[in-house]
Amino acid sequence: MIISGTQLAKEIKENVKTQVAEAVKTYGRPPHLVVILVGEDPASQSYVKGKGKDAEEVGFKSTTIRKPDTISEEELLEIIENLNRDDEVDGILVQLPLPAHIDEDKVIETILQSKDVDGFHPANVAALWQKRPCTYPCTPKGIIKLLDKAGVQIEGKKAVVLGRSNIVGLPAAKMLLDRNATVTIAHSRTKGLAKTAAEADILVVAIGKPKFVTEDMVKPGAAVIDVGVNREPETGKLCGDVDFANCESKASVITPVPGGVGPMTRACLMENTLECFLNKMKKNNN
């Protein structure tokens, strides 16, 4: 079964849209998401455009702040601080990656935890690992929703996460652990990687290498979640970290690229923005 992230994302956004309409009646305004885009990287521009479109679809107020890649770190941090102080801004997202002269960790730490819709702030990361209320990172949150939608049993299963980034790999592993899976975290240089991957009931691949996972790395009947978005060197076409054509018949469920995890990441961003807005409004009205 091919898991359609596009269809599930549509359902999530419809639910968010309904809640936004109710929130406007209650609080007098919709959630406001601000996205900061630095530079003119085509992929980043495409992502930001998609996020803006989704925000408008669900009824958010959406603002994109565009800055050249020559912006200083100090100026970028000042923009974020001003947004932190603006009570009409509910969610702040800085599109990554940033130019090399800007410290991404410092930028992420500057965003208020209560406005961190990406779930990257150290306080949100700590809360995730401590099983406390937090904003879940969008992509790992989308992965879990896709598995649930497909009816994949997580509890008691062996999950292997290929990739150890703070954005996808590590939080995805933690969220699978919290659902009582046995989790192994690996990376492209893990010794005996093919054997490790082929033992997984649930294989999550976020390794950043086109068609890295081949048929021999997939256990028959496994659920395969492909987070990668790459370009085929020969054709320039979009592809994932998994060789889809090679692995599709081996897996019980598998996500395509595009149309799998990507739409879910954006839909979960809409959910997170709404949650940040509602949490603030409820706190202000208590």
Side-chain angles (χ1 to χ4, degrees), residues 3 5 8-9 12-13 16 31 33-36 43-44 47-48 50-51 54-55 58 80 90-98 104-149 154 159-179 181 183 185-187 202-208 225-229 240-241 255 257 260-279:
I3 312 176
L8 180 54
I12 291 170
K13 288 187 291 184
V16 171
L33 172 64
V34 177
V35 179
I36 302 173
S44 292
Y47 293 148
V48 168
K51 290 167 183 175
D54 286 342
V58 300
I80 295 170
D90 307 296
I92 303 169
L93 183 153
V94 179
Q95 182 65 41
L96 303 178
L98 291 169
E104 289 186 354
D105 290 337
K106 188 181 291 186
V107 168
I108 292 168
E109 290 170 11
T110 300
I111 298 170
L112 276 180
Q113 180 190 4
S114 60
K115 298 187 179 187
D116 169 35
V117 291
D118 259 335
F120 296 162
H121 190 281
N124 273 321
V125 174
L128 171 64
W129 286 90
Q130 294 167 4
K131 294 187 177 181
R132 292 167 45 219
C134 65
T135 299
Y136 291 103
C138 300
T139 299
K141 184 178 181 180
I143 289 169
I144 299 298
K145 286 180 179 289
L146 281 170
L147 290 170
D148 286 341
K149 181 68 174 180
I154 298 175
V160 174
V161 178
L162 303 186
R164 49 185 172 172
S165 75
N166 291 326
I167 294 174
V168 179
L170 293 180
K174 177 59 169 60
M175 293 173 74
L176 288 164
L177 277 171
D178 287 346
R179 293 286 297 272
V183 182
I185 304 173
H187 52 87
I202 300 169
L203 181 62
V204 178
V205 190
I207 216 159
I225 306 295
D226 188 356
V227 184
V229 179
D241 291 350
T255 57
V257 176
V261 175
M264 290 298 299
T265 297
R266 299 204 322 252
C268 289
L269 172 63
M270 300 302 109
E271 272 196 341
N272 285 356
T273 302
L274 177 62
E275 288 172 8
C276 288
F277 170 79
L278 292 176
N279 288 340

Could you measure the distance from the [atom1] atom of [X] to the [atom2] atom of [Y]? Nearest 0.5 Å is fine.
| X | Y | atom1 | atom2 | answer |
| --- | --- | --- | --- | --- |
| N279 | N272 | CG | CG | 10.5 Å |
| I80 | I36 | CD1 | CD1 | 4.5 Å |
| I144 | L176 | CD1 | CG | 4.0 Å |
| C268 | E275 | SG | CD | 9.0 Å |
| I154 | M175 | CD1 | CE | 9.0 Å |
| T135 | K141 | OG1 | NZ | 8.0 Å |

Applying side chain to side chain contact (heavy atoms under 4.5 Å, CB included), run through L112 and I92 and close with a yes or a no. CA-CA 8 Å; L112 276 180; I92 303 169; 5.8 Å; no
Test item: [X] and [Y] side chains (from C-beta on) under 4.5 Å apart, heavy atoms:
| X | Y | value |
| --- | --- | --- |
| V161 | V183 | yes |
| L93 | Y47 | no |
| V94 | E104 | no |
| K145 | E271 | yes |
| M264 | L8 | yes |
| R179 | D148 | yes |
| T139 | V227 | yes |
| P122 | E109 | yes |

Return yes when atom CG of D178 has more than 12 non-hydrogen atoms of other residues, nucleotides or ligands closer than 6.0 Å, and no otherwise. yes
Looking only at heavy atoms, which two atoms of [X] and [Y] are closest? And how far apart?
| X | Y | result |
| --- | --- | --- |
| L170 | R164 | CG-O, 3.4 Å |
| I111 | H121 | O-CD2, 2.9 Å |
| A172 | I143 | CB-CD1, 4.4 Å |
| I108 | F120 | CG2-O, 3.3 Å |
| G260 | T255 | CA-CB, 4.2 Å |
| S44 | L96 | OG-O, 3.9 Å |

Using atom types as modelled and distance alone, determine if a side-chain donor or acceptor of [X] lies under 3.5 Å from a backbone N or O of [Y].
| X | Y | answer |
| --- | --- | --- |
| K174 | L128 | yes |
| D241 | G208 | yes |
| N124 | G119 | no |

Step by step, work out the side chain to side chain contact (heavy atoms under 4.5 Å, CB included) result for I3 and I225. CA-CA 9 Å; I3 312 176; I225 306 295; 4.2 Å; yes
